[in-house]
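What follows is one structure encoded as structure tokens, with my remarks underneath.
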Amino acid sequence: MIEISGVSRTFAGRHGAVEALRAIDLTVAAGEFLAVIGRSGCGKSTLLRLVAGLLPVSAGEVRVAGEPVRRPRRDIAMVFQRPALLPWRTVLDNVMLPVEVFRWRGAEHRERAHQLLDMVGLAGFERRLPHELSGGMQQRVALCRALIQRPKVMLMDEPFSALDALTREELAVQLQRVHMELATTIVFVTHSIQEAVLLGDRVAVLSPRPGRLRQVLRVDIPRPRSFGHNAHLKEVAACSAELHELLLEPAPALPPWPEPEIGMDVPLRRRPEGIPSGRP
Ligand SMILES: Nc1ncnc2c1ncn2[C@@H]1O[C@H](COP(=O)(O)OP(=O)(O)OP(=O)(O)O)[C@@H](O)[C@H]1O
Ligand SMILES: [Mg+2]
């Protein structure tokens with residue numbers, strides 16, 4: 001469903017170019033749930049924005065459903081860290097927003113909006129305004145808003161990271177159910193090893209500076225998975241430990257970029273001008 005081939009992305013920053021991602025090759029099968037994990041700044045959000053068509057690649061190509069991605073598309077939905085709901089619109093009207101933007105038929109989608117809200121446990125909240133909901137409920141509305149466009153691919157950038165630990169768990173379990181029911185292809189970025197193991201069919205580990213694909217780990221634990229006591233605690237622990245090691249290990253050395261100036265690494269033998277010697 002998603003083919004990322006030889007994708008690199010460099011940003012021109014004020015203090016020189018930043019190589020955010022280098023030569024990423026990754027495919028995600030239809031209906032698969034891929035978790036992406038990596039340290040801060042290793043290019044996770046950049047990768048999602050490239051797949052979403054919100055940002056052009058510097059090299060390589062991204063294809064979704066066989067078509068190159070060059071701009072945002074209706075069959076690709078994105079959920080961000082903050083729910084970004086329109087505060088003056090009710091829950092139902094927020095979910096219906098894409099329907100209005102794309103000028104789809106209201107009546108049939110309204111029914112679908114109710115079904116989606118029901119699926120995430122928000123039946124009865126359709127007429128509320130966003131400020132009347134908790135953060136977790138707002139994020140569920142954002143999830144429904146993404147799902148109403150029946151996306152082939154849903155991209156989620158740390159969607160639960162602003163929530164408290166218990167709400168986060170609850171939403172992760174619920175998202176798993178949504179995924180099992182709808183079989184949408186999902187790429188889910190997270191900092192949390194626990195979340196990655198709970199949600200991912202596979203977990204892609206990125207290493208930083210520049211962002212590279214370190215390893216892709218398959219999570220062979222039956223679903224539905226949960227955080228609490230269950231029959232697979234051993235497998236969960238083993239998988240988590242492996243991810244932990246991968247995240248802590250320094251990435252293998254690469255030729256630096258940009259090329260260092262000759263002499264940059266030569267140790268200083270003379271005191272540079274302007275630095276006092278320390279003697280009176
Ligand atoms: N628009 C931009 N202009 C310049 N540099 C950028 C831009 N966007 C991202 N970067 C740089 O690219 C690198 C990767 O950033 P990115 O936001 O993708 O990381 P991340 O893995 O999502 O980090 P976090 O976990 O903190 O969200 C960082 O060094 C960042 O400073
Ligand atoms: Mg990010």
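Every value quoted in this text rests on a predicted model; they were computed, and no experiment measured them. Order of listing sets the numbers, starting from 1, for every ligand and every atom in it.
- Among the atoms of F11, none of the N or O lies under 3.5 angstrom from an N or O of ligand 1.
- When A20, A12, G211 are ranked by how near their heavy atoms come to atom 12 (O) of ligand 1, first place goes to A20.
- Looking only at protein heavy atoms, the nearest one to atom 17 (O) of ligand 1 is S45 CB, 3.9 Å.
- Among protein heavy atoms, atom 16 (P) of ligand 1 sits closest to T46 OG1, 3.6 Å.
- Among protein heavy atoms, atom 25 (O) of ligand 1 sits closest to K44 NZ, 2.7 Å.
- No side-chain donor-acceptor contact under 3.5 Å links H244 to the backbone of S240.
- Inside a 4.0 Å radius of atom 14 (C) of ligand 1 there is at least one protein heavy atom.
- Taking atom 26 (O) of ligand 1 as the reference point, the nearest protein heavy-atom neighbour is S40 OG, 2.5 Å.
- Note that atom 20 (P) of ligand 1 has protein non-hydrogen atoms nearby, at separations under 4.0 angstrom.
- The closest donor-acceptor contact from the side chain of D25 to the backbone of G6 lies under 3.5 Å.
- From the protein, the heavy atom lying nearest to atom 28 (C) of ligand 1 is G41 O, 3.8 Å.
- Scanning the protein heavy atoms around atom 27 (O) of ligand 1, the nearest turns out to be E158 OE2, 3.6 Å.
- Annotation: atom 29 (O) of ligand 1 to nearest protein heavy atom, V18 CG1, 3.7 Å.
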